[in-house]
There are 2 protein chains.
Amino acid sequence: MIPARPYAFAIDRLRKAGLRPTRQRLALLRLMFDGGDRHVTAEQLHAEALAAKLRVSLATVYNTLNQFTAAGLLREVVVEAGRSYFDTNTSDHHHFFFEASGRLQDIPGADLKVSDLPPPPAGTTVSRVDVIVRVKSPDNN
Amino acid sequence: MIPARPYAFAIDRLRKAGLRPTRQRLALLRLMFDGGDRHVTAEQLHAEALAAKLRVSLATVYNTLNQFTAAGLLREVVVEAGRSYFDTNTSDHHHFFFEASGRLQDIPGADLKVSDLPPPPAGTTVSRVDVIVRVKSPDNN
DNA sequence: AAATAGTCTAGAATGATTCTAGACTATTGA
DNA sequence: TCAATAGTCTAGAATCATTCTAGACTATTT
């Protein structure tokens, strides 16, 4: 579970993304990626960082998440107005969204298929297809 | 184009939704629905209302949009963190999202199909499946 | 027409996110 | 090795969308 040369690997990922491997970025990267596939908000990650004794400002967490997203290390998922999740799984897949709790859960890409997609409007190309399956618990509805 | 008894029809829709047909609600309803299928933000609708000489507060626009959504007259579409669109088309359909301009365009429901959807997690039922096809212009990218 | 229940409003409050300006740090190259 | 530089970090202010509040107003009921 624990990578043999954890920092070397993380440093390499950052370098390839054109980002200097700073203490903050390294720590945030490992916090996000050492736990498998995750969906975190900036606030959540900030709280985790503080709990792990890393001193980082919330602004840096936001900057870092945006930089990682731009570099393709993360994918941003928008499900509710006013809240962004960052997904450590950047491969082709979709999501269940629990309306009651506001939580996300991956749907493996292979399971779900989108077909008969009409051609994109003239002059544009498809950059991504997002499928959100909103589910509710019959009880708290 | 102009309905024969515009207000009577609008009043009826509101009554059926359990909402009193007030001046503000009637005007906002007609502003939204008299132009065919539309995707508007609260700010946009507020600006339109003011331009049409209707004095409404932004708070009322938000309240009204939320009430209409709860009543099933509108559908809320979230594509970008921090911005909600309200869609006057509540029938089964999906959207193209222009990343460059932030605009939405309907994809008729019949065109696109989602298949092999895994069963929803235990204890939940699917309330809606949203498909967002994000497109970009090769130029401004 | 009076009582009531519901609605509207301006402005304050909230919550997420971005900006700012100065302090700090990784990288470069002599 | 060390200064120059370019990039990064931070706390707090600023911004933006949205919701809340409390009092004034209005549709409905009696």
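Below, chain A is the first sequence line, B the second, and so on; all start at residue 1.
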From C:dT7, D:dT19, C:dT9, nucleotide with atom closest to B:N66 side chain:
D:dT19
Rounded distance in Å - NE2 (A:H46) to C1' (D:dG12):
13 Å
Give none if C:dT14 has no partner; otherwise give the nucleotide forming a Watson-Crick or G-U wobble pair with it, both distances under 3.5 Å.
D:dA17
Please report, rounded to the nearest Å, how far the C1' atom of D:dT26 is from the CZ atom of B:R55.
14 Å
Specify the separation, in whole Å, of atom OH of B:Y62 and atom C1' of C:dG15.
13 Å
When all nucleic acid strands are considered with a 4.0 Å heavy-atom cut-off, which category describes A:T60: base, sugar-phosphate, or nothing?
base
Identify whether any heavy atom of B:R25 sits under 4.0 Å from a base atom; if not, whether one sits that close to sugar-phosphate; answer base, sugar-phosphate or nothing.
sugar-phosphate
Side chain of B:A59, heavy atoms from C-beta onward: which of D:dT18, D:dA11, C:dG11 has the nearest atom to it?
C:dG11
CG of A:N63 versus P of C:dC19: gap in Å, rounded?
9 Å
Nearest-Å distance, CD (B:Q44) to P (D:dT18)?
11 Å
So what does A:R23 hit on the nucleic acid, given a heavy-atom distance under 4.0 Å: a base, only sugar-phosphate, or nothing?
nothing
Need the pair for C:dG22. Rule: Watson-Crick or G-U wobble, both distances under 3.5 Å, any strand; none if unpaired.
D:dC9
Salt-bridged, B:R38 to B:E48, with N to O below 4.0 Å?
yes
So, is A:R15 close to the C:dT27 phosphate, meaning a side-chain N or O under 4.0 Å from OP1 or OP2?
yes
With nearest nucleotides of DNA chain C determined for B:R20 and B:S57 from heavy-atom distances, which residue corresponds to the more 5′ nucleotide?
B:R20
Result of checking B:D130, B:D87, B:D37 against B:R75 for salt bridge (Lys or Arg N to Asp or Glu O under 4.0 Å)
B:D130
Starting from C1' on D:dA27, measure out to CG on B:L14 and report it in whole angstrom.
13 Å
Result for 5'-nearest mapping on DNA chain D, choosing between B:E43 and A:L19, is A:L19
Rounded distance in Å - CZ (B:F68) to C1' (C:dT7):
13 Å
Heavy-atom closest pair (A:A49 atom, A:V56 atom, distance to 0.1 Å) is CB-CG2, 3.8 Å
Taking only side-chain N and O atoms of A:Q24, does any of them lie within less than 4.0 angstrom of OP1 or OP2 on D:dT10?
yes
Ignoring hydrogens and geometry, is there a side-chain-to-backbone donor-acceptor pair from A:D111 to A:I107 under 3.5 Å?
no
Can you classify the ring geometry of A:H93 versus A:H95 as parallel (below 30°), tilted (30 to 60°) or perpendicular (above 60°)?
perpendicular
Look at all strands and tell whether B:T41 reaches a base, only sugar-phosphate, or nothing, counting heavy atoms closer than 4.0 Å.
nothing
Determine, using the 4.5 Å side-chain heavy-atom cutoff (strictly less than), whether A:L31 and A:F33 are members of one ILVMFWY cluster.
yes
Rounded to whole angstrom units, what separation is found between the CG atom of B:L58 and the P atom of C:dC8?
14 Å
Does C:dC8 have its OP1 or OP2 closer than 4.0 Å to a side-chain nitrogen or oxygen of B:T22?
yes
